[in-house]
Number of protein chains: 2
Amino acid sequence: MTVVTWQAGCSSCHLRDFGLCQAVQGPQEIACLQSVRQPARFHPSGRTVFLQGSRGIPLYNVLSGWLFSYQLLPDGRRQILQFLLPGDIAGLECEDSMGMTHGLETLCESVLCTIPREGFRHLIDSCPAVAEHARKILARDMILLFEHMATLGRRTARERVACLLLELVVRSGRSTCLTNGMSLRMPLTQPILADALGLTAIHVNRVLRELREQRVMELAHKQLTILDTEKLTRLAGLPDGMMDLWTGQSTASGVSRTSSQAAVQMRRL
Amino acid sequence: MTVVTWQAGCSSCHLRDFGLCQAVQGPQEIACLQSVRQPARFHPSGRTVFLQGSRGIPLYNVLSGWLFSYQLLPDGRRQILQFLLPGDIAGLECEDSMGMTHGLETLCESVLCTIPREGFRHLIDSCPAVAEHARKILARDMILLFEHMATLGRRTARERVACLLLELVVRSGRSTCLTNGMSLRMPLTQPILADALGLTAIHVNRVLRELREQRVMELAHKQLTILDTEKLTRLAGLPDGMMDLWTGQSTASGVSRTSSQAAVQMRRL
DNA sequence: CGCCAGGTTGAGGGACCTCAAGAGACGTGG
DNA sequence: CCACGTCTCTTGAGGTCCCTCAACCTGGCG
């Protein structure tokens, strides 16, 4: 188990004003945060951080790297639930005494900052804003999950791929706007995409080829290139507010849809 | 719009010690809760509570009835996200200033207790346990969503139907145990099941027939009958802790799975 | 009584899966 | 440095699960 740890001050952390920690302000509170968390640890690529079913798992703050949480069915089928990027936090959705219903793995070399449950409770006591912010983070994650559910349940394979890659581009860039020809590193394999999208790796491969041939996007050697932002966003068919949510803005969503009865009528047209 | 309202004291509410309100204890706090919420309202079956995209939506506490939240794609495809039963609460996943990314509809006659955002903030200030409990509720809902994602992404149509109906039986019964021949009312139509499970109503129909013919369960006239609990639970293939979560127990989960690499190997066998 | 949403069944098609085989990429150890 | 194994990527052929379309029946409600 190659795990490197090092010590650095919370006040000089590059995520000082992002994610959960941004709720901790003021020298006294930051000191408390620092006393409560453990030194950041380096995790190599493709390793398990914790397994589904394990207990007493702490919170993990993603300082750098990409990870994913997943759930296994008894026969080994795997569903990827979330992708975690720097600034995201894992473990908030778990109640103390429960076993984890899901596992966590790294997609590439990652650095995680650990906060034990005990310490987290202590932090909340001395800094109530943390509890409130944790709620907001959970609420945001929930809305991301809703979108994923719509993807899994109601989108075609091409739409699924477009949606997910678009989400990851936006989330990883955090508010840089999309431009044709932009290229960025994405530590995703086709089996990973498949398990996230409810498809097989083989079909993901065919869809990616199709998207490449139609000059929408290209994914090779873990490098994603956007060729046609307009086609891509049209394909994804996302509600208006989604992009802002990904970038961390909580500006208003302009989504305006009719009732589900109207939707049934629409499907009939 | 036929909406009936009435007034009754929080202290005599049949959900006094369930759901979010159970976090409010002590006469002073209960008085605050009561001052903050609005009179309970009756909503007829099949009506919209709020539309996707609407803003300034309060919290809704489900006193009685069944509801579902859903998300529409631009072309009218619908994904049902959650079923809400008495004791559940809607709106926690929404941040104040944002438009709702999803809508809410009644499945049958329902009574909802409304708590405006403003009042909720006030309640949290005078009763910090509410914030903590809201976090727990969000966390529990998240884990339910994870299971739904695994269902949508990785289970077959028959497994999906079995999973969902099993979940709803357990959640609606709250800790009554399953027995062969038990029968209970479930205000679900096949189109609703379809939109929850990522299938078509026609296919849901065929699956239900199959389950009926195999004497696993029967769903007719909104009445569900369990014929073979063992076959049913086997079909659903749920992790061990799930049942407890549905019934509201937070006993420990005994799920113990191998790493995702092992899962890949399993799939190869 | 008539309407309409929901339920039921059949025929046919398409999206996605399974199986199979080979090539490329990458890390590991000799 | 190369050899090797493993994982990933790629493509083809064939099959299946689920969808689409269409028709008819049923039951609840005004």
Side-chain angles (χ1 to χ4, degrees), chain A residues 2 44-47 75-78 105-109 151-161 186-213 218-224 259-265 267-269, chain B residues 2 44-47 75-78 105 107-109 151-161 185-213 218-224 259-265 267-269:
Chain A
T2 358
S45 174
R47 303 300 172 84
D75 63 355
R77 281 173 287 180
R78 181 173 69 172
E105 258 177 57
T106 55
L107 278 168
C108 61
E109 303 184 338
T151 294
L152 288 172
R154 286 302 181 210
R155 281 190 239 257
T156 67
R158 272 198 300 155
E159 290 170 334
R160 292 184 206 195
V161 171
M186 285 220 171
L188 302 170
T189 65
Q190 291 174 6
I192 293 288
L193 284 174
D195 280 342
L197 297 173
L199 303 168
T200 59
I202 295 175
H203 199 62
V204 166
N205 181 287
R206 290 191 228 273
V207 168
L208 284 175
R209 176 176 45 161
E210 205 183 320
L211 291 175
R212 191 191 324 129
E213 285 168 358
E218 201 160 351
L219 178 59
H221 307 296
K222 306 201 170 174
Q223 197 76 16
L224 178 76
S259 85
S260 69
Q261 287 206 334
V264 172
Q265 286 167 3
R267 263 181 289 180
R268 292 218 173 122
L269 296 179
Chain B
T2 359
S45 174
R47 303 299 171 83
D75 64 355
R77 281 174 286 181
R78 180 173 70 172
E105 260 177 56
L107 278 167
C108 61
E109 303 183 339
T151 295
L152 287 172
R154 286 300 180 213
R155 281 191 239 256
T156 67
R158 270 197 307 153
E159 291 170 334
R160 292 184 206 194
V161 171
R185 192 179 147 67
M186 285 221 171
L188 302 169
T189 65
Q190 292 175 5
I192 292 288
L193 285 174
D195 280 342
L197 297 172
L199 302 168
T200 59
I202 295 176
H203 198 63
V204 166
N205 181 288
R206 289 191 230 272
V207 169
L208 285 176
R209 177 176 44 164
E210 207 183 319
L211 291 175
R212 190 191 326 129
E213 283 166 2
E218 200 160 352
L219 179 60
H221 306 298
K222 306 201 169 171
Q223 197 77 13
L224 178 76
S259 83
S260 69
Q261 285 205 334
V264 172
Q265 285 166 6
R267 262 181 290 178
R268 290 217 175 122
L269 296 179

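Note that this is a predicted model, so its numbers are computed, not measured. Here is the naming used below: chain letters follow the sequence lines, and residue numbers restart at 1 for every chain.
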**Q** Give, for atom CD of A:Glu109 and atom CZ of A:Arg47, the distance between the pair rounded to the nearest 0.5 Å.
**A** 10.0 Å
**Q** Rounding to an integer number of Å, can you tell me how far A:Leu219 CG sits from D:dT10 C1'?
**A** 14 Å
**Q** Starting from C1' on D:dT10, measure out to CG on A:Leu208 and report it in whole angstrom.
**A** 11 Å
**Q** Which letters describe nucleotides 19-25 of chain D, given B = protein heavy atom under 4.0 Å from base, S = only from sugar-phosphate, - = neither?
**A** SBBB---
**Q** At 10 degrees resolution, what angle do the end axes of the helix from C:dC1-D:dG30 to C:dG30-D:dC1 form when each is taken over five base pairs?
**A** 50°
**Q** Atom CD of B:Glu210 and atom P of D:dC17: how far apart are they, to the nearest Å?
**A** 10 Å
**Q** Start with the C-alpha gap between A:Ile192 and A:Arg78, add the side-chain angles, then the distance that decides, and say whether side chain to side chain contact (heavy atoms under 4.5 Å, CB included) holds.
**A** CA-CA 10 Å; A:Ile192 293 288; A:Arg78 181 173 69 172; 3.8 Å; yes
**Q** Write down the atom of A:Ala157, the atom of A:Val207, and the distance for their closest heavy-atom approach.
**A** CB-CG2, 3.9 Å
**Q** Expressed in angstrom and rounded to an integer, what is the separation of B:Met186 atom CE from C:dG7 atom P?
**A** 15 Å
**Q** Residues two or more places apart in sequence or in another chain: which of them pass salt bridge (Lys or Arg N to Asp or Glu O under 4.0 Å) with A:Arg155?
**A** A:Glu147
**Q** Pick one: which of B:Asp75, B:Leu152, B:Asp195 meets side-chain contact (heavy atoms from CB on, under 4.5 Å) with A:Arg154?
**A** B:Asp195
**Q** If you compare every side-chain N and O of A:Asn205 against the phosphate oxygens of D:dT10 (OP1, OP2), does one of them come in below 4.0 Å?
**A** yes
**Q** Kindly give the heavy-atom pair with the smallest separation between A:Ala194 and A:Ala201, and that separation in Å.
**A** CB-N, 3.3 Å
**Q** Report the nucleotide, chosen from C:dT8, D:dT10, C:dG6, that has the shortest atom-to-atom distance to any side-chain atom of B:Arg212.
**A** C:dT8
**Q** Just by distance, do the side chain of A:Thr106 and the backbone of A:Pro44 share a donor-acceptor pair under 3.5 Å?
**A** yes
**Q** To the nearest Å, give me how far apart CG (B:Asp195) and P (D:dC18) are.
**A** 16 Å
**Q** So do the side chains of B:Leu219 and B:Leu193 get within less than 4.5 Å of each other, counting heavy atoms only?
**A** yes
**Q** Provide a list of protein-nucleic acid N or O atom pairs under 3.5 angstrom, restricted to nucleotides 28-30 of chain D.
**A**
none

**Q** Got a sec, which residues hit side-chain hydrogen bond (donor to acceptor under 3.5 Å, both in side chains) with A:Ser45, two or more places apart in sequence or on another chain?
**A** none
**Q** What residue pairs, at least two apart or across chains, pass side chain to side chain donor-acceptor pair (under 3.5 Å) with a residue in residues 202-211 of chain B?
**A** B:Arg158-B:Glu210, B:Gln190-B:Asn205
**Q** At under 4.0 Å, does any side-chain N or O of B:Gln190 touch on OP1 or OP2 of C:dA5?
**A** no
**Q** In whole angstrom, what separates B:Arg155's CZ from D:dC18's P?
**A** 14 Å
**Q** Calculate the interatomic distance between A:Glu109 atom CD and C:dC26 atom P; express it in whole Å.
**A** 14 Å
**Q** A:Leu188 has an atom CG; how far is it from atom P of D:dC7, in whole Å?
**A** 19 Å
**Q** A:Thr189 has a side chain; which of D:dC9, C:dC16, D:dG12 sits nearest to it?
**A** D:dC9
**Q** As a test of reading the structure: which of D:dC9, C:dC16, C:dT9 is closest to the side chain of A:Ala157, going by heavy atoms?
**A** C:dC16
**Q** Can you tell if the side chain of A:Met186 reaches within under 4.5 Å of the side chain of A:Lys222, non-hydrogen atoms only?
**A** no
